[in-house]
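Residue numbers start from 1 in every chain, and the chains themselves are labelled A, B, ... in the order their sequence lines are given, proteins ahead of strands.
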Amino acid sequence: MEHSGKADRKSFGARYQALANTLQLDTRLIAMLGAVICIWLFFDVFSGGLFLSPRNLWNLSVQTSVTALLATGMVLIIVSRNIDLSVGSLLAFLGILGGFAQTELLPLEGTHTWWLSILLMVIVGCLAGALQGWLIAAFTIPAFVVTLGGLMFWRGAGWLFTQGRTVTPLDTTYSDYGSGFIGETYSWIVGVVGFVCLVAISFWKRRRRMSLDFEVKPIAVEVAILAISAVLIAAFVWTMNSYDLPRSEIGRGIPAPVLITIIVVCVMIYIANMTRFGRYIYGFGGNPEAAELSGINTRHVVILSFMLIGGLTAIGAVISTARLNAAPLSIGQLLELQVIAAAVIGGTSLSGGIGTILGALIGAVLMQSLQNGMVLLGVQSAPQQMIMAGVLIFAVWFDVIYQKRRR
Amino acid sequence: MEPIVEMKNVYKRFGGIHAVDDMSLDMYPGEVVGLLGHNGAGKSTFIKMLSGAYSMDAGEIFVDRKPAQISNPIDAKDLGIETIYQTLALADNLDTAANIFFGREILTPWRALDEAAMEHAAIQVMRRLNPAFSKFHDPVRNLSGGQRQSVAIARALQFNARIIIMDEPTAALGPQETQMVADLIRALKREGIALVMISHDLHDVFDLSDRISVMKNGRHVWTGSTEETDKDEVLQMIILGKRPDGSYAPGILADENA
């Protein structure tokens, strides 16, 4: 009896796999989305409908943004067999640098103060990342060691600017990048633009494949996928618009940090899948020797990947300090571990070569959902951490099994 | 006939070890050269200087009678020299097209990867090698040994190689797949491509190569037509460094006595 039951389950798995293959869908991503939906429903039921309220989802999306943004960069770092432990410290350093620039270097509340300080943070972030990447690539010092050094170094360097004082308040325009939102009309425009881009991309891809006589997805499937994305985009915008400003009917719309994260995610998906750099990151992660023998300048690839995550850390620093309207030295503590966990839960393999930007994004959402939901249920922070640890290990265990069965 | 590649008096040291010590070799279009020797005889090191993976300490390389500067794999590929490594040097997590074009991707006018064009070309070149092959969307780790070998060879063919270096092409293959590679080598030969084959398998080398070159301790022992020697003589050259005329290669005897 038991045997036949097992055989049945296997054939279901095989059929599911075959179906997914014909539809050209990523089964792992769908499984993760399923997990997120289960978690959401669970918390919604046990919090008495609080979890899926527009207000909580709005907050959840803002809470996720910095982790998600950095996780997209961390995926590329881990895929190319490196690691970056310095993001939390570097974020604090760049935040303080930005605050210092706004209060000490540039005119207070000047017209150009906000963007000049952001530009400075991004440039310094890229340089700091490039420096770490150069140490790793040129001298073959393990990334673990270099970025562990970065973890200790950058927060210390941040202290030098202000002797540990918290910089506050920050420029008002600058603060909008953390706590602002774009309003109902613009939110709908963003949604429509996003959907039009999706349609254009799938149409273009389809035409290109048909012109070369390739197999294409059935048109019904293509339309169904686009319809589902349209519904998801509309649901997202509607939710963001349903969290009203106090004592009014006016919705807030998409929060600025979330909009920034969405743009970064799109750019990172493009970089990972559609550029030579992205291809080399994956190829190098799959087989460093092959990349070398193919004549790829692997040093440049590694340096560039760290430069990229340095720049993303600067954007993360803008969001986190702007949200607080302050730049304390303690910001971003243990952030690196959260970011790595999000990437790993999202299916990034620590042995390199495997991982997707979308996976990391979903991983970040999953982690933040758990944390947010447990707070709503009144779980204290110590058991929260223990549960998160369990989830991380379970996710990796699941991945090991999944990878084995695919072969 | 004019040689397509001449490697003259090549030296390579790693620390105090003379990996390659005054080795020379010529290659002609439409000819297979079998490069033989023990493990550590310097065959792979010698050939990696032609493929651009190592740089020479001393020596010269001429391609089409013109001095060639090969300082990295790109230089070699620009000269039409392609290498199929013993490890195949495939990125296991990427699919067939991505591996064939690895490092030489086709780009769209706005500098993005042109996946469709690469897949199209990959299907064309794989059809020449392995008409039954259909797993174009699988990462190459899911392919069989022979299929992986085909992908590695396709990478060389796609870019109109004139010289193909094969490092142990049949070491990891079953009898059927070995036969497939042998047929392929003969086909490449007919197309006028110069081939160098490094192998342990004397049977394969005698079967496929027109000339044989033997190395021992990084030194050249003997080079000659396959027809004018036999397996026993070649074995003596590989093991003892003893040439068919009874003499020993320079430096070999002293090493053995020391």
Using a 4.5 angstrom heavy-atom cutoff, name the option from Ile296(A), Asp213(A), Leu293(A) with the most pairs to chain B.
Leu293(A)
How close do Phe102(B) and Phe284(A) get, heavy atom to heavy atom, and via which atoms?
CZ-N, 4.1 Å
Over all atoms of both residues, closest heavy-atom pair of Ala290(A) and Ala89(B)
CB-O, 3.2 Å
Do you know the tightest heavy-atom contact between Tyr282(A) and Asn93(B)?
O-ND2, 2.9 Å
Do Ser294(A) and Lys77(B) make a side-chain contact, defined as non-hydrogen atoms from C-beta onward lying under 4.5 Å apart?
yes
So for atom CH2, which belongs to Trp397(A), do other residues, nucleotides or ligands contribute more than 12 heavy atoms lying within a distance under 6.0 Å?
no
May I ask you to check whether over 12 heavy atoms, not counting those of Phe144(A), lie within 6.0 Å of atom CZ?
no
Contact class of Ala117(B) relative to chain A, heavy atoms under 4.5 angstrom
both
Could you tell me which portion of Tyr270(A) (side chain, backbone, both or neither) has an atom closer than 4.5 angstrom to a non-hydrogen atom of chain B?
side chain
Tell me, side chain or backbone of Ser51(B) under 4.5 Å from chain A's heavy atoms, or both, or neither?
neither
Part of Phe214(A) within contact of chain B (heavy atom distance under 4.5 Å)
side chain
Select one option (side chain, backbone, both, neither) describing which atoms of Leu212(A) are under 4.5 Å from chain B's heavy atoms.
both
Rounded to the nearest 0.5 Å, how far apart are CG of Leu90(B) and CD of Glu289(A)?
11.0 Å
Are there more than 12 heavy atoms of other residues, nucleotides or ligands under 6.0 Å from atom CZ of Arg65(B)?
yes
Under-4.0 Å salt bridge between Arg279(A) and Glu115(B):
yes
Could you report the tightest heavy-atom contact between Thr275(A) and Leu113(B), atom names first, then the distance?
O-CD1, 3.5 Å
Which atoms of Leu107(B) approach chain A - backbone, side chain, both or neither, heavy atom under 4.5 Å:
side chain
Most contact-rich option vs chain B, by heavy-atom pairs under 4.5 angstrom, among Arg208(A), Lys205(A), Arg276(A), is Arg276(A)
Heavy-atom cut-off 4.5 Å, strictly under: side chain, backbone, both or neither for Asp114(B) against chain A?
side chain
Less than 4.5 Å to any heavy atom of chain A: does that hold for the side chain of Arg104(B), its backbone, both, or neither?
backbone
side-chain contact (heavy atoms from CB on, under 4.5 Å) between Met274(A) and Trp110(B), intermediate numbers included
CA-CA 11 Å; Met274(A) 296 298 292; Trp110(B) 57 93; over 6 Å; no
Looking only at Asn297(A), Asn287(A), Ile354(A), the option with the highest number of non-hydrogen pairs under 4.5 Å against chain B is Asn287(A)
Exceeds 12 heavy-atom contacts within 6.0 angstrom, atom CG of Leu350(A):
yes
Choice from Gly286(A), Gly285(A), Ser211(A) maximising heavy atom contacts with chain B below 4.5 Å
Gly286(A)
